[in-house]
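All remarks here apply to the structure that follows.
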Amino acid sequence: MSARSRHLPRRSCFSTPGSNERFLEKAPTVPADMSFLDLEDSVAPLEKEAARAKVVEAIRKQPWDDRVLCVRINAWDTEWTYGDVIEVVGNAGERLDEVMLPKVQSAAEVIALDLLLTQVEKKSGLPVGHIGIEAQIETTRGLINVDDICAASPRLETIIFGPADFAASMEMPVLTGGVQIPEYPGDHFNYVFSRILMAGRANGLQVIDGPYLKIRELDALRDFTQRTRVLGYDGKWALTPDQVGVLNEMYSPTQEQFDKAWDILDAYQKATEVEGKGAVMFGDEMIDEASRKMAIKFVGRGERAGLTRSQG
Ligand code: GLV
Ligand code: MG
């Protein structure tokens with residue numbers, strides 16, 4: 001299901017308000033791995049229904065190259081969800097890769113979207129399963145149910161943390177979600193990041209962090225991004241073209257890491273297949289089957305980021 005985009009890179013996921021024609025025109029020129037056109041929180045309630053046609057027009061007319069293309073619809077507790085799906089998928093479903101469902105609280109919400117997508121796909125002549133789902137975890141109940149949510153549908157491609165809504169749902173005493181809190185001795189979201197990552201990986205999903213709202217502070221973004229990059233996240237939302245540049249770099253392995261991963265694979269293959277050994281020295285470290293698994297991930301990420309192995 002939704003085969004095209006499932007394994008494409010999502011280092012940078014660029015958000016564009018669906019009600020703003022100027023931004024919609026500019027979005028394809030921003031070199032993000034993934035673009036999502038928003039019908040949810042960056043669109044005012046009075047603009048919600050008019051934004052659907054603008055999003056349809058942008059999907060059909062703009063040159064989106066081969067990036068992942070997504071529309072964020074409104075959550076099931078509003079009156080807009082079904083209309084968003086029918087109008088956008090029904091009229092622009094061919095190029096659209098996925099829809100993003102915000103504020104997911106339970107597996108049932110994902111299943112309901114899956115069923116609605118199936119009907120709209122049938123009605124508009126699309127292959128059933130063409131449209132993937134991205135689910136946002138941004139409430140306490142969503143986090144409690146994250147395992148079931150991640151296993152709810154074969155259409156799911158990613159699970160995303162929404163730090164701003166999550167901070168509100170937790171009633172954290174902050175006014176900006178998803179940034180450093182210097183008074184907190186540690187990383188206030190470490191548990192949440194790890195919890196979502198485990199649920200996502202256990203179900204074969206890509207795992208994405210949400211927005212960094214202080215858009216002028218690129219060094220602080222770089223610093224904050226280390227938290228999810230090191231844990232193993234695939235990417236993060238970008239609100240500006242400058243953020244896209246930082247994230248494409250942060251979520252790619254360096255050339256040195258990429259080359260080392262290849263060298264480990266070569267050395268381990270020689271050890272196991274030629275010398276019949278399961279653990280060998282690689283420089284001053286011991287490598288074994290687990291090292292091979294880690295190296296495979298680096299190679300995959302590097303290739304998705306366009307790296308090629310250095311000669312010699
Ligand atoms: C994103 O949707 C967030 O709430 O952080
Ligand atoms: Mg949100």
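For ligands, and for the atoms within them, numbers begin at 1 and follow the listed sequence.
Residue side and main chain included, Asp165 places an N/O/S atom under 2.8 Å of the Mg ion (ligand 2). Look at Glu40 and the Mg ion (ligand 2): no N/O/S atom of the residue is under 2.8 Å from the metal.
Note on ligand 1: Phe161 sits outside its first shell, no heavy atom being nearer than 4.0 Å. Within the 4.0 Å heavy-atom cutoff, Pro163 counts among the residues contacting ligand 1.
Neither the backbone nor the side chain of Phe166 has a heavy atom within less than 4.0 Å of ligand 1. Heavy atoms of Arg72 found under 4.0 angstrom from ligand 1 belong exclusively to the side chain. Proximity of Gln136 to ligand 1, defined as any heavy-atom pair under 4.0 Å, is confined to the side chain (atoms from C-beta onward).
Closest approach between the Mg ion (ligand 2) and any N/O/S atom of Glu138 involves OE1.
Between Phe166 and Phe189, the ring planes are perpendicular. Angles over 60° get that label, and only those under 30° would be called parallel. The aromatic rings of Phe193 and Phe224 stand perpendicular to each other, their planes meeting at an angle above 60°, with 30° marking the opposite boundary.
Looking at Arg10 and Asp234, no side-chain N of the basic residue comes within less than 4.0 Å of a carboxylate O on the acidic one, giving no salt bridge. The pair Lys293-Asp288 does not meet the salt-bridge criterion, since no charged nitrogen lies less than 4.0 angstrom from a carboxylate oxygen. Taking the charged nitrogens against the carboxylate oxygens, Arg95 and Asp97 do have a contact shorter than 4.0 Å, which makes a salt bridge.
For atom 5 (O) of ligand 1, the nearest protein heavy atom (residue, atom name, distance) is Ala164 N, 2.7 Å.
With hydrogens and angles disregarded, a donor-acceptor distance shorter than 3.5 Å links the side chain of His130 to the backbone of Gly93.
The Pro211 neighbourhood of ligand 1 comprises atoms 1 (C), 5 (O), with distances under 4.0 Å to a heavy atom of that residue. The contact set between ligand 1 and Asp165, taken as ligand atoms under 4.0 Å from a residue heavy atom, comprises 3 (C), 4 (O), 5 (O).
Exactly one residue among Lys270, Arg309, Arg292 makes a salt bridge (charged side-chain N to carboxylate O under 4.0 Å, His left out) with Asp263. That residue is Arg309.
The shortest distance between side-chain heavy atoms of Lys48 and Leu39 does not fall below 4.5 Å.
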